[in-house]
> 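My questions all concern the structure below.
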Amino acid sequence: MTVTSVTDRNSPTLEVQDLKTHFFLKGGVLRAVDGVSFTVGRGKILGLVGESGSGKSITGFSIIGLIDPPGRITSGRILFRDRDLSKLSEKEMRQLRGNRIAMIFQDPMMTLNPVLRIDTQMVEAVLAHDKISKQEARARARDALGMVGIPSPEERLSAYPHQLSGGMRQRVAIAISMLHQPDLIIADEPTTALDVTIQAQILAEVQKLARDHGTALIWITHDLSVVAGLADEVAVMYAGRIVEQGNVDSVLDRSLHPYTHGLIGSVPSQNRARKRLVQIPGMTPNLLDLPPGCAFRSRCAHADMACEQDPPITTPEPNHALRCFHPQREYAA
Amino acid sequence: MTTWLLRRILQALLIVGAMSVTVFVAVNVIGDPVEVLISPEATQEERARLIASLGLDQPLWKQYLNFVSDALRGSLGNSFVYNEPALGLVFSRLPATLELAVLALLIAILVGIPLGLYAGLNPDSKASKTIMAGSILGFSLPTFWVGLVMIMVFAVQLGWLPSSGRGQTVEVFGVRWSFLTADGLQHMLLPAVNLALFKLSMVLRLTRAGTRETLSMDFVKFARAKGLKPARVIGVHVLKNIMIPIVTVLGLELGSLIAFAVVTETIFDWPGMGKLIVDSIYVLDRPVIVAYLMMIVLLFVTLNLIVDILYSVLDPRVRLESRT
Ligand SMILES: Nc1ncnc2c1ncn2[C@@H]1O[C@H](COP(=O)(O)OP(=O)(O)O)[C@@H](O)[C@H]1O
Ligand code: SF4
Ligand SMILES: [Mg+2]
């Protein structure tokens, strides 16, 4: 591949190709992420959706290089602005972390260090990548707090995390992620632990910030309704693989994978007409030494003998791909 | 904060009062000093005179009241044996015990925390497993046995270090200290290590457990996600969190280091309070025993208070609650 400056400008911020992250446990190999591919364009938002345990967080941690033993990225490429992150040294990776790639975690109560003041935790994040004075770093931190809608940021700076509400703490974490105006933010279920109104506020703010700064965003969630109003693209994950992905409208309006149907059926807003929420029957399979074939078949109403093989990737329409032997047009109610 | 402090001080005084009764009664139960002090050939008259001069002819409650009123005037009676103020006697031995205990504490901290941190960061390495096995020995081997082995190996066989006494001392502000001279330090080393061993194992295990627990916390991963260097993640984010329980425990343990110096001081013939109390128990020198025990009670109560204050300085969550 020849990279000219023209293709450089149009190339996506992130291109993940066949990423595999496995955990080598005493009981066997756990394929948490098993051949995942997607791209996120400049300033675009990708919604990464799936039930708990499907490998969403591990995908995020793989990109930012925070997989600890016994886990390891076993294959695949993570092209970030045309550099393969899986080939970088730990030092090179550290220079990107928090600087060009940032991450926001699920539980704001646990993300900030309880014994360090907010300013300490923000100033150190600034100074990790910029050689400026402490005063300048503190001013930058204060501005970042103001930007994410925190009232009287100067006072908040000298607070300890436990003096702030969950929503405020998550705003602080978001402010930290924005300190260096990164090219990519991975938001790992950042609003799951918060109540609905605050969730909506934060969603709107992050969307605006990403658009304003041209930041690419991977928004991880188990809630399809969040993705509907937010994302440009969506990837549906199940048991370490992406089972359906593409443009958000085609995937949500014309979903074809039985698992995606199940997820849509369990979204309250899509389902007002019906009395009850349809839960996907059964449980996510144990990923340890998962047998080949479609991992969803134990829960799928359309499974047959064919599904004991790995389903190939098909592309029923442009920018809409899925892995299923028997795509379903209608809801399998 | 001030009401909290006042309440704590009041509690501390109550404890001291209750302990003084306990100590006084207990010391009366363990034996009659007259039997030890008086020669068997003494006449009945001599015996009565001695009992009266020691104030032992009065009922126990009266003895206690006398003791308290004397104590409030800063006197805990005269030693039966040395015929000097018991408190002064105990105080004169305090520096020797204190410097030994502080050195032991320093050894426990300076060796225990780094080793515990290493073992916590590399739980599967051979070195960590060896360290942890060693800490179990440090926990379970009796202090007197380890002390004797140390004397045999380092003093008798190898002849590297002296095994008894304080060595050369220097007087500072009227108090003699060993740690200020090379010879004194040499004399301190074996007993201090002996005294430190148990605490060292404890600090090591606390540090390791704290490190393991803290490393798995989200805020450590988030600190790494900010692009911080490992030195900062470990040195600030992890260490600051595990210091809270360690400081608490160590503060409380300084008291028991001083109290349990008895064994070490006896083995290494270290002329501290522990040695004094053992000698005094042999001859049932009540005022000295009481003075020593009251001193230990005061020490524990004071240390508890200091640890509480320190704890609230270290942990911002406690600080906020105590203010309300
Ligand atoms: N440190 C780890 N050791 C072993 N297995 C892990 C570890 N972290 C995650 N896993 C496993 O990887 C799978 C995917 O986890 P995760 O990415 O956290 O799921 P999600 O974020 O979609 O809920 C799960 O089966 C989980 O048990
Ligand atoms: S491949 Fe078969 S089992 Fe898997 S989702 Fe499609 S129909 Fe169901
Ligand atoms: Mg997750």
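Convention: sequence-line order gives letters A, B, ...; per-chain numbering from 1.
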> Salt bridge or not between Asp183(A) and Arg81(A)? Use side-chain N to carboxylate O under 4.0 Å.
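Salt bridge: yes.
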> Quick check: closest heavy atoms across Ile258(B) and Tyr292(B), and the distance to 0.1 Å?
O-OH, 4.2 Å
> Is the cationic atom of Lys221(B) (NZ for Lys, CZ for Arg) positioned less than 6.0 Å from the six-membered ring centroid of Phe61(A) and within 45 degrees of its normal?
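So Lys221(B) does make the cation-pi contact.
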> What option among Ile64(A), Ile186(A), Leu112(A) has the most heavy-atom pairs under 4.5 Å with chain B?
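Top count of heavy-atom pairs under 4.5 Å with chain B: Leu112(A).
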> Leu66(A) versus chain B, heavy atoms under 4.5 Å apart: side chain, backbone, both or neither?
both
> Flag the one option from Val220(B), Val236(B), Asp218(B) with the top tally of heavy-atom pairs under 4.5 Å to chain A.
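Of the candidates given, the most pairs with chain A belong to Asp218(B).
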> If you count heavy-atom pairs under 4.5 Å between each of His129(A), Met103(A), Met109(A) and chain B, which one has the most?
His129(A)
> Select one option (side chain, backbone, both, neither) describing which atoms of Gln121(A) are under 4.5 Å from chain B's heavy atoms.
both
> Salt bridge or not for Lys229(B) and Glu90(A), using N-O below 4.0 Å?
no
> Give a yes or no on whether a salt bridge exists between Arg138(A) and Glu154(A), defined as a side-chain N under 4.0 angstrom from a carboxylate O.
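Glu154(A) and Arg138(A): salt-bridged.
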